[in-house]
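If you're wondering where the values come from, they're calculated on a predicted model, not measured in any experiment. Keep in mind that the numbers below use all heavy atoms, side chains included, and drop hydrogens, waters and symmetry copies.
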Amino acid sequence: MPGYVRGMTSADLARIAAALERLAPPPPAMADPLAHPAYLWTGGALVAARGFRPVPLPLLTGIDDQKQAVRANLARLAAGAAAHDMLLWGAKGMGKSALAKSAVADVQAAGGALALVEVAGDRLAATGDRAGLAALFALLEGVPRAFMLFIDDLGFAADSPAPRLLRALLDGGAEARPANVRLCVTTNRRHIVPRDLGAEAAAANPRDAADDQLALADRFGLSLGFHALDQDGYLAIVAAYCAANDLDFAADDALAFAIRRGARSGRVARHYVTELLGRAGRPEQAGFTDA
């Protein structure tokens, strides 16, 4: 019957609902957008990130061109100049996420009025979260500070409607985004959305189908690739981390570690140096495991 569960009145249900509401944690308070170096966007509130201490930018080895491009773009954003949305794509563990955060910290250290806001990529991938991002844009618009919205490891299913929603927010929506806000997206796929070659071949105009699948990646003014390391590149990263942590560098041991992991990457190099620190009974450096 309406208003009842078997054996319970509407008053009983109201009391249960009130009790559950009392048990639920209160929503997080909105953080001051001028007070912290980095934030998390929950979809309804801006929350200060704890312990934002990325790897120092000079320690990121083997990606010098990417470092220069990202750092310069963020410096322009912090200075109020025109800046691009950024797409960092390519091999896993090659420093895409680390670079995004380290470059923000480097601009901050130089006095730049810039903060990072991390937005959950899984929510975007599932729904596009257009309303949530629009609310975030409205919150940050007019704040006398620049913001890099960081969306890590973004990927979509081939049939997801979310890419179209995100495309409209990036470029082509009726309401312009704030000039002090730009996106930085990391992904393993160059075009974010997987290409369906079968659908392209079956389309009346294959070029139209291909263009639709590539349209989201095309919205980013700065697109940078990160590629798999060779042996020398991997050892150069290990050597740089060892020098920064005052550890002995042994190429044979570093290579053996990579073989056991089945990969050579910046992330594996950091894991190896973490292993060396552990063997020496020393703690990890702040931000060192940030990949």
Side-chain angles (χ1 to χ4, degrees), residues 37-38 49-75 86-112 114 116 118 148 150 152-153 184-190 222-291:
R50 294 179 298 167
F52 181 66
R53 293 184 295 274
V55 177
L57 191 62
L59 265 185
L60 298 179
T61 303
I63 51 172
D64 291 343
D65 291 343
Q66 295 94 326
K67 283 198 300 184
Q68 181 178 359
V70 171
R71 175 63 169 77
N73 190 57
L74 290 178
M86 299 182 292
L87 178 62
L88 312 183
W89 58 269
K92 61 184 177 66
M94 281 308 303
K96 301 182 294 293
S97 303
L99 173 56
K101 289 174 272 194
S102 296
V104 168
D106 202 67
V107 171
Q108 291 171 344
L114 176 68
L116 178 146
E118 185 168 356
M148 186 193 83
F150 177 54
D152 194 24
D153 199 21
C184 177
V185 169
T186 73
T187 179
N188 291 337
R189 297 190 182 110
R190 181 172 186 173
L222 183 59
S223 179
L224 299 169
F226 292 69
H227 307 291
L229 283 173
D230 59 15
Q231 179 172 297
D232 290 343
Y234 166 73
L235 291 176
I237 294 175
V238 173
Y241 283 145
C242 284
N245 289 277
D246 194 25
L247 293 165
D248 292 333
F249 169 63
D252 291 346
D253 191 49
L255 290 173
F257 185 87
I259 290 170
R260 291 194 297 272
R261 290 295 305 270
R264 290 189 300 254
S265 69
R267 181 176 295 139
V268 171
R270 285 192 288 276
H271 290 167
Y272 172 66
V273 175
T274 296
E275 171 69 15
L276 292 183
L277 289 167
R279 292 177 193 173
R282 292 169 51 191
E284 258 171 2
Q285 300 296 313
F288 185 71
T289 58
D290 189 3

Start with the C-alpha distance between L224 and M86, add both sets of side-chain angles, then the distance that settles side chain to side chain contact (heavy atoms under 4.5 Å, CB included), and finish with yes or no. CA-CA 8 Å; L224 299 169; M86 299 182 292; 5.8 Å; no
Closest non-hydrogen contact found for Q108 with F52 is OE1-CE2, 3.9 Å
Please walk me through it: do Y272 and R261 pass side chain to side chain contact (heavy atoms under 4.5 Å, CB included)? CA-CA 10 Å; Y272 172 66; R261 290 295 305 270; over 6 Å; no
Test item: K67 side-chain N/O and T61 main-chain N/O as donor-acceptor pair under 3.5 Å: no
Is it true that a side-chain atom of S102 and a backbone atom of V55 form a donor plus acceptor pair closer than 3.5 Å? yes
Can you name the nearest heavy-atom pair linking A251 to L235, along with the distance? O-CD2, 4.0 Å
Nearest 0.5 angstrom please: M94 CE to L60 CG, how far? 10.0 Å
If you round to the nearest 0.5 Å, how far is CG of L222 from CG of L74? 9.0 Å
Do you know which two heavy atoms are closest between A91 and A228, and how far apart they sit? CB-N, 3.8 Å
Check: T186/D152 side-chain N/O donor and acceptor closer than 3.5 Å: yes
As an exercise, state the distance from OG1 of T187 to CZ of F226, rounded to the nearest 0.5 Å. 12.0 Å
Do the non-hydrogen side-chain atoms of P37 and L116 ever get within less than 4.5 Å of each other? no
Show the nearest heavy-atom pair for residues L88 and C184, with the distance to one decimal. CD1-SG, 3.9 Å
Nearest heavy-atom pair of L59 and A240: which atoms, and what distance? CD2-O, 3.7 Å
Tell me, with the steps shown, if V268 and L229 meet side chain to side chain contact (heavy atoms under 4.5 Å, CB included). CA-CA 11 Å; V268 171; L229 283 173; over 6 Å; no
Apply the test side chain to side chain contact (heavy atoms under 4.5 Å, CB included) to residues C242 and D248: give CA-CA distance (whole Å), side-chain angles for both, the deciding distance (0.1 Å), then the verdict. CA-CA 6 Å; C242 284; D248 292 333; over 6 Å; no
With rounding to the nearest 0.5 angstrom, report the CD1 to CZ distance, I237 to R270. 8.0 Å
State the CG-CG distance between D246 and L276, to the nearest 0.5 angstrom. 12.0 Å
Scanning both residues in full, the closest heavy-atom pair of S265 with Y234 reads O-CD1, 3.8 Å
Can you tell me how far the OG atom of S97 sits from the CD atom of E118, to the nearest 0.5 Å? 8.5 Å
D253 with R279: basic N within carboxylate O range, under 4.0 Å: yes
How about Q68: does its CD atom have over 12 heavy atoms from other parts shown lying under 6.0 Å from it? no
Backbone N or O of L57 within a donor-acceptor pair of the R71 side chain at under 3.5 Å? no
